[in-house]
Structures are given as structure tokens and as C-alpha cells.
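Inspection log for the structure reproduced underneath, given as C-alpha cells.
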2 protein chains.
Amino acid sequence: MRVADVTIQDIAREAGVSKATVSRVLNNPYIVEIETRTRVEKIIKKRNYTPSASARNLSKRMSDTIGFVVPEIDNPFFCDILRAVSSAIDDFHFTLICCNTDDDMEKDLKALVMLKEHRVRGLLYTPAVDYRTEEERVHLVKILKEMETPVVIMDRHINIGDFDGIYFNDYQGMYNATKALIQQGHTKIAIINATLDRVLARTRRDGYIDALRDSGIEPEERYNVEGDYRMLKAYELSKKLLALKDRPTAVITCNNNTTLGFFKALRERNEQVPRDIVNIGLDMIKELDVMGYRMNFIERDPKLMGQKAYELLSRRMKDNKKPIKEVILDTKLHLYDI
Amino acid sequence: MRVADVTIQDIAREAGVSKATVSRVLNNPYIVEIETRTRVEKIIKKRNYTPSASARNLSKRMSDTIGFVVPEIDNPFFCDILRAVSSAIDDFHFTLICCNTDDDMEKDLKALVMLKEHRVRGLLYTPAVDYRTEEERVHLVKILKEMETPVVIMDRHINIGDFDGIYFNDYQGMYNATKALIQQGHTKIAIINATLDRVLARTRRDGYIDALRDSGIEPEERYNVEGDYRMLKAYELSKKLLALKDRPTAVITCNNNTTLGFFKALRERNEQVPRDIVNIGLDMIKELDVMGYRMNFIERDPKLMGQKAYELLSRRMKDNKKPIKEVILDTKLHLYDI
DNA sequence: CTGAAAGCGCTTACAG
DNA sequence: CTGAAAGCGCTTACAG
């Protein structure tokens with residue numbers, strides 16, 4: 001394939017030293033005599049020698065790659081996480097392998113196997129699905145354990161135990177948002193969520209329901225709708241919700257795309273927030289904020305999540321004995337008009 | 001490091017065959033006798049053996065990775081490209097190494113060196129900067145050539161020749177947009193661009209200026225402003241532009257973030273498009289579209305770019321002798337109210 | 001159809 | 001401070 005990769009052997013020969021010495025110049029220059037070292041370095045530069053990562057990794061029994069697995073790489077939420085992780089790995093000290101799983105279990109597992117083949121040094125992982133059956137969970141944990149590498153679970157707490165993780169406090173966010181609406185006199189509050197096979201959907205619903213009950217309001221089934229966190233589905237659900245006879249006066253939307261779907265449905269009816277109905281969305285939508293669209297939202301900071309995720313991973317890479325650590329990031333409620 | 005990776009040797013021993021046979025079962029199962037094959041396969045499964053990518057790559061003198069280098073991974077434009085590339089690589093057939101360079105030459109070069117170490121099988125590359133000096137260009141081309149791997153340049157045509165590439169027809173897009181404004185009677189048309197050390201800024205300016213001149217309008221210096229394609233800078237430039245005594249009646253904004261910066265400045269003045277001033281932006285802004293904000297824009301389809309980029313790469317991986325191919329994707333003008 | 005052996009390009013004890 | 005040698009975990013002609 002490659003015509004003429006220059007190898008460590010070539011450099012050694014040309015410099016009149018052994019491969020071991022060239023290797024030392026590369027990895028541990030100060031143990032090599034200055035004169036030898038500079039001679040070798042000059043030849044490395046001249047021949048434009050670039051060591052082979054495969055050979056190095058194989059020989060060191062240690063890879064230089066980190067796996068990054070997310071379900072939706074083109075969602076600004078995950079983009080921002082990716083960006084923060086990229087920045088945290090300064091100078092390409094590690095190599096980032098990026099996998100998109102489309103919320104698909106099969107792709108998720110394939111990605112993990114691929115990363116296992118690469119013997120990744122660490123894994124930043126947002127599970128594509130919840131792995132709810134016992135069999136699925138056992139299988140997943142087995143794969144993760146067998147990777148024998150630090151793992152940090154991001155955003156979706158699927159309760160497989162024994163792994164570091166970083167999450168937002170979605171429960172509290174939803175609880176506070178719902179409470180705030182109630183305090184403003186709303187009693188008919190809807191939630192556009194996702195189906196409850198997703199842990200985040202369950203958590204968010206719990207926060208919502210608990211807040212209602214704590215205020216003596218019994219949650220109503222028809223105000224509790226479940227999509228898939230994508231815009232199209234949220235849009236369709238919103239249309240139905242808005243067409244109810246006894247419709248809600250406030251709607252909580254459970255992620256950025258859901259909020260957009262809701263707004264789209266609203267617009268088609270020539271209605272507006274907060275004039276015709278009140279909304280609190282989960283996640284800021286930067287573009288709308290810039291436009292002066294003062295939406296109410298529960299803020300989660302994905303860049304912070306990316307940064308902290310990498311910190312957790314580093315910590316674990318340094319010391320595998322430390323106790324499991326789960327970081328819960330607070331959300332913040334931004335209210336303009338409810 | 002790793003406690004007990006099971007290797008091909010372990011499988012071979014347990015199956016009572018040679019490593020070569022296990023290797024064949026893995027790579028070329030049908031040349032192995034059915035009985036042997038199934039026995040080996042069973043043990044592979046039982047021991048959960050996962051071959052080492054480093055060892056495989058080293059031995060095959062061929063990597064299974066593809067490099068992806070972009071300047072701004074958290075810009076929806078590049079996110080969409082990444083997503084499309086991910087999808088095009090079906091089933092993780094290749095492993096995607098992802099690098100963000102922040103429009104920084106140093107990071108760009110470091111990324112390339114890192115990818116060279118990994119002996120990537122192909123490279124999808126949007127240069128961080130233009131590499132304008134002869135010295136820089138020679139250096140860059142040297143690095144790219146020495147990677148000895150198919151390269152597809154994306155989006156930024158920096159004229160280093162000899163590489164496949166995929167670009168949008170930004171010139172035509174700008175030309176058409178400017179012409180459309182002129183046809184509506186606008187003569188004072190501004191452009192918020194980036195500094196001309198960027199090829200895309202030059203291309204876009206050319207389209208704009210040529211359209212003006214073709215209509216007998218002499219471009220005015222003060223209507224031609226240059227930022228960095230980020231929102232903050234665009235916002236500041238927009239404020240100045242809008243405050244001019246003899247200000248333009250139409251403004252072309254040269255990427256998504258620039259458009260947002262312009263809108264922000266406009267909003268602060270309590271002005272609106274198209275009532276107070278007309279705008280045509282480059283790139284759709286999905287969130288605004290959903291909100292029914294009928295902005296005028298020059299559409300570029302980043303998903304298409306990602307998909308085609310990967311097609312070009314595949315083509316080149318299959319046959320290194322084919323002539324250089326540059327694909328220019330058309331843009332499409334969407335006008336609602338100018 | 002299968003195995004023994006060489007080789008991929010490195011690193012790292014070990015010995016000097 | 002340096003080199004010879006073994007080894008990392010695979011693949012692949014070669015021979016049978």
C-alpha cells in the first residue's frame with residue numbers, strides 16, 4: 001500500500017544508532033546524550049519521520065485513542081459537548097474517535113465493539129437506548145467491563161452501576177419549572193415528553209408530576225404526551241394538544257427540538273407565547289435568544305458537561321481505584337413571561 | 001495495563017489450530033473447513049475475543065481509520081457534514097477520527113501530523129486557514145502528500161492543486177443574491193463578510209462586486225465590511241453599519257453566525273427586516289425557519305456536502321489513478337421579501 | 001484446507 | 001548512555 005514509509009529502522013541506520021536510541025529520542029529525549037540526540041533529531045526532521053501509531057500502541061500495549069459515542073451528533077446539545085471534549089484534549093494528546101448511534105441499540109453495540117477493537121484508553125458514552133431488559137443490561141455491562149477502560153456515562157443515567165457519570169438534574173429542572181407555572185396560577189399544565197422507555201423521559205415526568213401533586217393538582221393523562229424528542233413528532237403532538245377542547249394554559253417541552261416543534265404548531269395556528277399559551281422549554285435555543293425571542297427555558301450547559309466529562313475520565317485514567325463518582329449538574333430556570 | 005486481553009493465540013490454542021487458521025476464520029471464513037470454522041467461531045464467541053485493531057492495522061500495513069478535520073465542530077454547518085459522513089460510513093466499516101481546529105493553523109498542522117501517525121486511510125479536510133505564503137503552502141502540501149492517503153478538501157478551496165475537493169458555488173450564490181436585490185431596486189447594498197485572508201471571503205466578495213458592476217453600480221468601500229464569520233464580530237460591525245448616515249437599504253450576511261449577529265444588532269435598534277432594511281443571509285438557520293421567520297437566504301446543503309465528500313473519498317480509495325475531481329455544489333436562493 | 005515462520009514498526013527490560 | 005533481543009498481536013506468502 002504505502003510506497004515508502006520511513007521507519008524507525010531507517011532513522012537508526014542513517015544516524016548510526018540502534019532503534020532503541022531513536023525510540024528514546026522520541027519518548028524520553030533527556031536520557032540520550034545531547035550529541036546523539038541532536039543528530040537523531042536532525043535526521044528525523046530531514047526525513048520527515050512520523051512514527052506509526054499502530055506500532056507504538058501495539059508495542060506499548062496502550063492506545064492513544066478515546067471513544068466518544070453519542071446518539072445524535074448533529075443536535076447542538078451533543079455538538080457542544082463534542083466541542084468541549086475536543087478542547088479539553090489539548091494538542092491532540094489523545095485521538096478522538098467519534099461515533100453517532102441514531103438512538104439505535106444495534107449501532108450502539110457496534111460502536112462499542114469497534115472501540116474495543118481499538119482498545120480505547122477511555123470512553124465517553126451516552127447510551128443510545130436504555131437497555132431495559134435484564135439480558136440487554138447484562139450484555140452491555142459485559143461489553144463495557146471487557147473494554148477494561150475508564151468509562152464515563154454522559155447525560156443518560158441508565159443505572160448500570162459501577163461507572164462514573166455526569167448528568168443534569170433534570171428532575172429538579174422540571175420540578176422547578178412546573179412549580180413556577182403553578183405559582184403563576186396555572187393548573188392546566190401539559191408536558192411534551194418522550195416515551196417512557198427513556199430514562200430521561202421518566203425523570204422529567206417525575207419532576208413534573210411531583211410538582212403538580214405537591215401543589216394538590218392531579219396530573220391529567222391527556223396533558224401528558226410522549227414523542228421522541230424530535231421536532232416532527234413534537235409538532236404533531238403539539239397540534240393535537242392545542243386542539244383539545246379543554247386545553248392546557250401552559251406547556252413544558254422536554255428538549256430543544258420538542259420546543260421547536262411546539263412553536264411550529266403554535267405558529268400555524270397564528271398563536272403566540274405567552275399571549276395565547278405559556279411555554280417553558282428544556283435547553284436554550286441560541287438562535288431564538290439572539291433574535292430576542294424571550295423564551296422561558298430550563299438551562300443545561302452542554303459545554304460544561306463535555307468539560308466535566310473529560311475531567312472525570314482523566315481522573316479515572318489516573319487512578320482506577322478511586323470510588324465511583326457521579327456528577328449532577330444543576331439546571332437553571334430562565335423565566336421571562338409566564 | 002490490560003489485565004488479560006484474550007489474543008488470537010489463546011483462541012488458537014483452545015481450538016487446537018494455528019493462529020493462521022483463526023485469522024482466516026476472522027477475515028476469510030469460507031476458505032476454512034466448515035467444521036474447523038464453527039469450532040473456532042464458537043470459542044471466539046465464548047471467550048468474547050475481539051481482535052486488536054493496532055495489531056491488525058500494523059500487520060496489514062493498512063489502517064481502518066478516516067480523518068475528519070474541520071475548523072468549527074460546533075457550527076451546525078460542520079455538524080451536519082459530520083453527521084452525513086458518519087452515516088455514509090455504514091456500520092463503522094471505518095473508524096472516524098475527529099479533529100476541531102478553531103481556524104488555527106497550528107492546531108490544523110498538529111491534527112494532520114496526528115492523523116499521519118495513524119496512517120489514516122483517507123482524509124476529509126477543511127483547512128483551518130488559507131496557507132497563503134509560499135512557504136506555508138509548500139509545507140502543507142508536503143504534509144498532505146506524505147500522508148500518502150486519499151484527501152478530499154471540503155468547503156474551502158485553498159488552491160493547493162492535486163487534491164479532490166467539494167465546494168459550494170459561493171460566487172454564484174452571492175452574485176445571484178446581489179442581482180436579485182438590484183432588480184428590486186436596491187443600489188445601496190452592503191456585505192458583511194470576513195477578512196480577505198480567507199478564500200471564501202474573497203470568493204463571496206467577488207460575486208457581490210461583479211454583480212454590482214454588471215449593473216453599473218460602483219461598490220462602496222464603507223458598505224463592504226469584514227469580520228470573522230462569528231456572531232460577536234458581525235454584531236459589532238452591524239451596529240456600525242446600521243448607524244451610517246447614508247446607510248444601505250440591503251445587507252448580505254456571509255454565513256449563519258454573521259446573519260445572527262446582524263439580526264441581533266437590528267433588534268437592539270428596534271428595527272426589523274424587511275420593514276426597515278432588507279437582508280439576504282448565507283445558509284439557512286433552521287431554528288428561525290421553524291419559527292416562521294421568513295428570512296431570505298442562499299441555501300447550501302451541508303448534509304449533501306458530507307455525503308458527496310465521502311463519495312469522493314471512496315472513489316479515490318478505490319482507484320488512486322483517476323484524474324482529480326472537484327465537485328461544485330449549487331446553491332439555491334430563497335427569497336421571501338426583498 | 002492448514003501450519004510454521006517471517007514480518008509489520010515500534011518499546012522496553014536487560015546487560016554492559 | 002547505548003545496543004541486542006524479545007515481544008506486542010496480528011497477517012500472509014509459502015509449503016505441504
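Please read these numbers as outputs of a predicted model, since none were measured by experiment. Keep in mind that the numbers below use all heavy atoms, side chains included, and drop hydrogens, waters and symmetry copies.
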(message) Between the side chains of E106(B) and K110(B), is the shortest nitrogen-to-carboxylate-oxygen separation below 4.0 Å, so that they form an ion pair?
(response) yes
(message) Looking at S59(A), I'd like to know whether one of its side-chain N or O atoms comes within less than 4.0 Å of OP1 or OP2 on dC8(D).
(response) no
(request) Among the candidates dC10(D), dT11(C), dC10(C), find the nucleotide nearest to the side-chain atoms of K19(B). (result) dC10(D)
(request) Give, for atom OG1 of T38(B) and atom CD of E33(B), the distance between the pair rounded to the nearest 0.5 Å. (result) 9.0 Å
(message) Tell me whether D80(A) is salt-bridged to R83(A), with the criterion being a basic N under 4.0 Å from an acidic carboxylate O.
(response) no
(message) Can you measure H118(A) atom NE2 to dC8(D) atom P for me and round it to whole angstrom units?
(response) 21 Å
(request) Find the distance N57(B):CG to dC10(C):P and express it as a whole number of Å. (result) 14 Å
(request) Evaluate the side-chain proximity of C98(A) to F68(B): yes if any heavy-atom separation is below 4.5 Å, no if none is. (result) no
(request) Measure from the side-chain heavy atoms of A20(A) and tell me the nearest of dC10(D), dC8(C), dT12(C). (result) dT12(C)
(message) Assuming nearest nucleotide by heavy-atom distance, tell me which of G16(A) and Y49(B) is located more 5' along DNA chain D.
(response) G16(A)
(request) Using whole Å, report how far CG of L26(A) lies from P of dT12(C). (result) 12 Å
(message) Less than 3.5 Å apart, any donor N or O on the side chain of S63(A) or T65(A) sitting next to an acceptor on the other?
(response) yes
(message) To check you understand the geometry: which heavy-atom pair defines the closest contact between D64(A) and R121(A), and what is its length?
(response) CA-NH1, 4.4 Å
(request) May I have the distance from E117(A) (atom CD) to dC8(D) (atom C1'), rounded to whole angstrom? (result) 17 Å
(message) Tell me the interatomic distance from R61(B), atom CZ, to dC10(C), atom P, rounded to whole angstroms.
(response) 13 Å
(request) Please list every stem that involves DNA chain D, where a stem is a run of 3 or more consecutive Watson-Crick or G-U wobble pairs with both pairing distances under 3.5 Å. (result) C:1-3 with D:14-16, C:5-12 with D:5-12, C:14-16 with D:1-3
(message) Taking the cut-offs as 6.0 angstrom to the six-membered ring centre and 45 degrees off its axis, would you call K145(A) and F163(A) a cation-pi pair?
(response) yes
(message) Nearest whole Å is fine: how far is dG9(C) P from D64(A) CG?
(response) 18 Å
(request) Using atom CD1 of I11(B) as one end and atom C1' of dC10(D) as the other, report the distance to the nearest whole Å. (result) 13 Å
(request) For dC10(D), take OP1 and OP2 only and decide whether either is under 4.0 Å from a side-chain N or O of S23(B). (result) no
(request) Examine dG3(C): is either OP1 or OP2 under 4.0 Å from a nitrogen or oxygen in the side chain of T21(B)? Give yes or no. (result) yes
(message) What is the separation between atom CD on Q9(B) and atom P on dA6(D), rounded to the nearest whole Å?
(response) 17 Å
(message) Tell me whether D130(A) contacts the main-chain N or O of V199(A) through its side chain, where contact means a donor paired with an acceptor under 3.5 Å.
(response) yes
(request) Could you say whether L58(A) or V17(B) is positioned toward the 5' end of DNA chain C, judged by the nucleotide with the nearest heavy atom to each? (result) V17(B)
(message) Counting only side-chain heavy atoms from C-beta out, which of dA4(D), dT11(D), dC10(C) sits nearest to S52(A)?
(response) dC10(C)
(message) From the set dC10(D), dG3(D), dG9(C), return the single nucleotide nearest to any side-chain atom of T7(B).
(response) dC10(D)
(message) What's the closest nucleotide to the side chain of R24(B) if the choices are dC10(D), dA13(D), dG9(C)?
(response) dA13(D)
(request) Residues of residues 27-36 of chain A with any non-hydrogen atom less than 4.0 angstrom from an atom of DNA chain D: list those, numerically ordered, please. (result) I31(A), V32(A), E33(A), T36(A)
(message) Would you say H118(B) and N57(B) are linked by a side-chain donor-acceptor pair, where the criterion is simply a distance under 3.5 Å?
(response) no
(message) Donor-acceptor pair, distance only, cut-off 3.5 Å: does the side chain of S59(B) make one with the backbone of A55(B)?
(response) no
